[in-house]
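Structure first, commentary second.
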Number of protein chains: 2
Amino acid sequence: MVAKLSTKKAVELFHALSDETRLALLDRLKDGEQCVCELTDAMKAAQSRLSFHLKVLKEAGLIEDRREGRWMYYSLSIQAIEELEDLVGSLKKVARSAVSRGRCC
Amino acid sequence: MVAKLSTKKAVELFHALSDETRLALLDRLKDGEQCVCELTDAMKAAQSRLSFHLKVLKEAGLIEDRREGRWMYYSLSIQAIEELEDLVGSLKKVARSAVSRGRCC
DNA sequence: TGGATATAACAATAATTGTTGATGAGTCAA
DNA sequence: TTGACTCATCAACAATTATTGTTATATCCA
């Protein structure tokens with residue numbers, strides 16, 4: 001368990017995940033690191049488009065990049081996924097003795 | 001563990017979570033159900049604004065509503081949070097014997 | 001060095017999402 | 001039945017995000 005993420009960081013993480021293209025990218029990266037050209041091939045997407053989405057994912061910390069010659073390899077950040085798991089866990093109801101409240105307004 | 005959510009559903013869930021106001025709403029609902037007027041009071045937000053965000057959360061299945069007289073009470077959907085936990089889990093790297101690959105392009 | 005390759009970055013535009021103020025619908029109580 | 005109250009919905013507008021085509025940067029190889 002980790003310190004609570006700031007709300008802004010949480011928003012950034014969830015936003016990065018709230019796009020079909022980006023989820024598809026993450027899914028591909030589950031199998032191991034891949035370079036941009038493999039991704040554009042596999043996803044039949046314009047390079048600049050994937051570059052944009054990869055940047056969003058990277059800025060959210062969900063993926064990491066590594067240059068090797070002309071190629072840029074992207075891979076999942078396991079740590080980020082774990083942070084995400086904590087974050088989602090923190091959304092859960094806090095156990096407590098039935099909060100009794102009167103009428104509201 | 002549950003069947004894999006469709007990508008569209010995943011996008012909808014993450015999108016619902018990718019907003020500061022909505023995360024604040026969920027946080028308040030952790031303490032138990034609340035009516036809209038309590039939420040607008042506590043968050044000092046315009047009623048129509050919260051109504052909009054509550055709708056987004058409800059359509060994503062993250063919260064449920066219940067009418068009681070003039071009041072509408074909202075509460076967390078525990079089931080949705082659990083779905084979300086599964087979803088986040090499914091983002092993780094699949095264990096496998098080191099995938100060896102040659103050059104890509 | 002010069003050309004080819006892989007990718008990032010940019011600018012223009014399109015699409016989506018959020019905010020605000022106003023109106024409408026349902027409920028209650030006098 | 002009327003007026004007050006709670007909340008949803010709508011329309012207009014503002015803000016953000018995504019797409020596309022193009023250009024810039026870095027690397028490699030001949």
Side-chain angles (χ1 to χ4, degrees), chain A residues 7-26 28-29 33-75 101-105, chain B residues 7-26 28-29 33-75 101-105:
Chain A
T7 301
K8 285 196 194 308
K9 179 63 188 167
V11 167
E12 187 182 23
L13 269 174
F14 286 131
H15 168 255
L17 293 166
S18 69
D19 177 277
E20 207 158 345
T21 302
R22 291 194 288 269
L23 288 182
L25 283 168
L26 290 178
R28 295 211 154 261
L29 295 181
E33 68 172 8
Q34 299 206 0
C35 73
V36 177
C37 55
E38 286 172 302
L39 295 167
T40 51
D41 269 17
M43 297 177 56
K44 298 186 195 317
Q47 178 265 319
S48 67
R49 191 159 82 93
L50 288 200
S51 207
F52 168 76
H53 289 295
L54 287 164
K55 186 178 183 186
V56 173
L57 289 170
K58 186 184 159 196
E59 286 179 348
L62 286 163
I63 60 177
E64 287 154 7
D65 58 359
R66 174 178 74 83
R67 175 178 282 282
E68 186 178 320
R70 274 178 278 188
W71 294 273
M72 193 63 96
Y73 287 91
Y74 284 93
S75 56
R101 298 173 309 99
R103 286 219 144 184
C104 55
C105 301
Chain B
T7 300
K8 285 196 194 310
K9 179 64 188 164
V11 167
E12 187 182 23
L13 269 174
F14 287 130
H15 169 254
L17 294 166
S18 69
D19 178 275
E20 207 158 345
T21 303
R22 291 194 289 268
L23 288 182
L25 283 168
L26 291 178
R28 297 211 153 260
L29 295 181
E33 69 172 6
Q34 299 206 0
C35 73
V36 177
C37 54
E38 287 173 302
L39 295 168
T40 50
D41 269 16
M43 298 178 54
K44 297 184 194 319
Q47 178 265 319
S48 67
R49 190 158 82 94
L50 288 200
S51 208
F52 168 77
H53 289 295
L54 287 165
K55 187 179 183 185
V56 173
L57 289 170
K58 186 183 159 195
E59 285 179 349
L62 286 163
I63 60 177
E64 287 154 6
D65 59 359
R66 176 177 73 82
R67 174 179 281 283
E68 187 178 319
R70 277 178 273 187
W71 294 273
M72 191 64 96
Y73 287 92
Y74 284 92
S75 55
R101 298 173 309 99
R103 286 220 144 184
C104 55
C105 302

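In what follows, every chain begins at residue 1, and chains take the letters A, B, ... in the order their sequences are listed.
Nearest to the side-chain atoms of B:Ser48 among the listed nucleotides C:dT7, D:dA8, C:dG21 stands C:dG21. Closest contact between the side chain of B:Arg70 and the listed nucleotides D:dT22, C:dA6, D:dC5 involves D:dC5.
When the C1' atom of C:dT7 is taken as reference, atom CD of A:Gln34 falls 16 Å away, rounded to whole Å. In this structure, NE2 of B:His53 is placed 13 Å from P of C:dT17, rounded to the nearest angstrom. Counting to the nearest Å, the C1' atom of C:dG26 and the CD atom of B:Glu68 are 15 Å from each other. Remark: C1' of D:dC7 and CZ of B:Arg66 are 15 Å apart, rounded to the nearest angstrom. Atom CG in A:Leu50 sits roughly 13 Å away from atom C1' in D:dT20 (whole-Å rounding). B:Leu54 has its CG atom 16 Å from the C1' atom of C:dT17, to the nearest Å. One can place CE of B:Met72 at 16 Å from P of C:dA25, the figure rounded to the nearest angstrom. Put simply, CG on A:Asp65 is 15 Å from P on D:dA26, counting in whole angstrom units.
Not a single donor-acceptor pair under 3.5 Å links the side chain of A:Lys58 to the backbone N or O of A:His53. Side chain of B:Arg22 to main chain of B:His15: a donor-acceptor pair is present (N/O by atom type, distance under 3.5 Å, no hydrogens or angles). Side-chain N or O atoms of A:Arg67 include one that pairs as donor or acceptor with a backbone N or O of A:Gly69 at under 3.5 Å.
Rounded to the nearest 0.5 angstrom, B:Leu29 CG and B:Leu54 CG are separated by 7.5 Å.
In terms of phosphate contacts, A:Arg49 brings a side-chain nitrogen or oxygen within less than 4.0 Å of OP1 or OP2 of D:dT19. Contact annotation: A:Tyr74 side-chain N/O to C:dA8 OP1/OP2 distance is under 4.0 Å. Checking the phosphate oxygens (OP1, OP2) of C:dA6, no side-chain nitrogen or oxygen of A:Arg67 falls inside 4.0 Å. When the side-chain nitrogen and oxygen atoms of A:His15 are compared with OP1 and OP2 of D:dA18, one or more of them lie within a distance under 4.0 Å.
The pair B:Arg66-B:Glu68 counts as a salt bridge, with a side-chain nitrogen and a carboxylate oxygen less than 4.0 angstrom apart.
You won't find any donor-acceptor pair under 3.5 Å spanning the side chain of A:Gln47 and the base of C:dA6, going by distance alone.
Comparing B:Phe52 and A:Asp19 along DNA chain D, the residue whose closest nucleotide (by nearest heavy atom) sits nearer the 5' end is B:Phe52.
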